[in-house]
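Counting starts at 1 for both ligands and their atoms, following the listed order.
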Amino acid sequence: MNKIKPLLFFTVFAFFVANCAQKSFAQSTPLSKATAINDHQQPFIIRAEQDKEALEKLTALQKKTGKKPNIIWFVVDDMGFGDPGCFGGGAAIGAATPYIDKLAKEGMKLTSTYSQPTCTPTRSALLTGRLPCRTGLTRPILAGDVLTQNPWSDEISLPKILSEAGYKTVLSGKWHIGEQEGMRPSEIGFDEWLGWYAAEKEISQSFDKRRYPDLVLDTFKLNAYNKLDAGRDLMFGKKGEKITVQKVTTSTDDMAEADQTIKAYSLRKIKEYAKSGQPFFLGHTFMKVHADNFASKAFEGKSDSKYPYKDGIVEVDAIIGEIVAELEKQGLLENTFIFITSDNGPQEDSWPDAGYTPFRGGKATAWEGGVRVPGIAYWKGMINPGRESAELFDLMDLFNTSLIIAGVPEKIPADRYIDGIDQTSFLITSNGLSKRDRVHIWVEKKFMAIRMFEYKMHFQYTNSVADMMNIDYSSTGQVGLAPWLFNLYIDPKERMPVGHRMNAWTAVIAAEVKGHLATFKKYQMKNIGLDK
Ligand code: CA
């Protein structure tokens with residue numbers, strides 16, 4: 001315990017430096033609640049009292065356990081805001097989610113959680129605390145993409161920092177943030193990983209002859225596709241060691257069982273670290289429920305709906321329940337911060353193999369349906385049961401929050417722009433409020449919209465030529481004379497702009513964006529070959 005004292009003192013000091021220094025840098029309007037403490041960090045609402053309370057709570061826990069807290073993220077692929085029962089879906093739409101619902105009930109439900117519009121951008125933002133337009137990881141990496149620059153060569157990943165802080169860091173499941181040499185999980189900071197490089201469909205399209213007959217049944221095309229090296233096999237890697245093929249993936253049956261495979265790995269690692277006593281960060285990134293979904297043997301027909309997507313939701317829910325039960329069995333639950341979310345909105349293009357959102361649009365759009373995702377924070381004894389908040393939370397905030405929870409606030413990089421905000425006190429204090437007063441929404445390198453209060457202002461918009469065809473049959477449009485301003489409280493589906501005719505803030509919110517865009521002058525966007 002004595003060894004912990006100087007560490008705690010330093011942590012307290014660095015924490016206050018990171019959170020409480022006040023100096024104004026960026027442009028802001030009277031509507032802004034946030035303060036810029038420097039020129040390389042997203043301005044945030046200063047909440048010194050709740051930060052102090054949070055730190056006291058973390059300090060007390062560390063004194064009690066003598067260990068740093070574990071961190072687990074469950075990232076479901078393409079799950080809709082409206083899929084979990086606790087977010088309005090569940091049994092009502094044919095796929096009950098009792099385990100997720102229980103964690104929401106016994107933890108905190110965040111109803112204004114924002115992701116990036118697609119997979120690769122969200123996953124990179126989570127691990128760097130930075131907008132994808134800054135890192136260059138602006139859109140999903142697809143079979144055949146060759147990156148011109150390693151985006152990770154000058155990025156600092158969360159697992160790298162946590163490893164240096166004494167954590168074991170594990171990625172279990174989907175990667176999708178670069179599969180070329182130097183870009184893989186064990187090469188950018190994770191101690192160990194088991195999973196697939198690509199999204200589900202990128203893998204199954206090479207053997208699913210029912211859906212892709214023009215590819216699978218044509219020898220020439222299939223050979224050509226296989227030369228793209230789409231990263232379809234189950235891979236295993238350890239830091240400093242050669243990454244190897246753990247199992248060749250050859251069939252839709254293999255993909256059906258993918259999440260059972262990575263579940264077993266996560267359970268094994270949890271048991272191992274429970275025994276060794278090392279703190280760990282586990283990114284459990286599901287392969288499901290990204291299209292195309294194939295029900296696993298144990299879950300086929302288990303949803304009331306019977307559709308493979310819905311069976312996938314039931315399976316994902318059961319896996320979360322099983323992993324949380326193992327944490328409890330191992331006595332780790334009170335020292336583990338858990339966050340459950342989805343990496344983007346539902347991929348409506350693949351309907352009916354798609355999730356549900358009550359909002360407009362879906363994956364790939366800047367509409368709420370693309371970027372508003374379920375968010376559940378659970379920490380037994382640390383997050384009061386039954387909490388719910390509609391205040392803003394950006395998934396990038398998990399970067400900063402994890403570093404605060406790990407007790408290394410001084411490791412939040414200061415030599416680059418960080419868009420994430422520490423939200424520890426929002427989550428773990430009894431009446432914590434969000435420190436974020438806005439969310440910036442980008443699609444690739446196009447600044448699309450800003451959310452502030454209940455307002456959402458679009459400067460560009462996604463236009464789906466056919467209903468639900470947000471990716472394969474859409475365009476990006478420019479707004480006219482005035483930006484499109486929606487009031488999400490009276491119009492959550494963004495159907496009717498309130499505009500300047502019934503809202504006072506059109507010019508003010510538009511002006512708020514200038515400070516954000518100005519950050520790109522000093523901190524320039526990277527191009528790694530994903531630009532169109
Ligand atoms: Ca996704």
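- Geometry about the Ca ion (ligand 1) gives an angle of 90° between OD1 of N344 and OD2 of D343, rounded in steps of 10 degrees.
- The distance from the Ca ion (ligand 1) to the nearest N/O/S atom of Q347 is not under 3.0 Å.
- In this structure, N150 contributes its side chain and G182 its backbone to a donor-acceptor pair below 3.5 Å.
- Within D77, the N, O or S atom at minimum distance from the Ca ion (ligand 1) carries the name OD1.
- Side chain of T122 to backbone of Q116: a donor-acceptor contact under 3.5 angstrom is found.
- Of the options F281, F399, F393, a ring pair (Phe, Tyr, Trp, His ring centres under 6.0 Å) to F339 is made by F393 and by none of the others.
- For the Ca ion (ligand 1), the set of nearby N, O or S atoms under 3.0 Å includes none belonging to H290.
- Pairs passing the ring-ring contact (aromatic ring centres under 6.0 Å, His included) check and including a residue from residues 286-305, sequence neighbours excluded, read H284-F286.
- When rounded to 10 degrees, the angle formed at the Ca ion (ligand 1) by SG (C119) and OD1 (D78) equals 110°.
- Judged by the 6.0 Å and 45° rule, K109 forms a cation-pi pair with F87.
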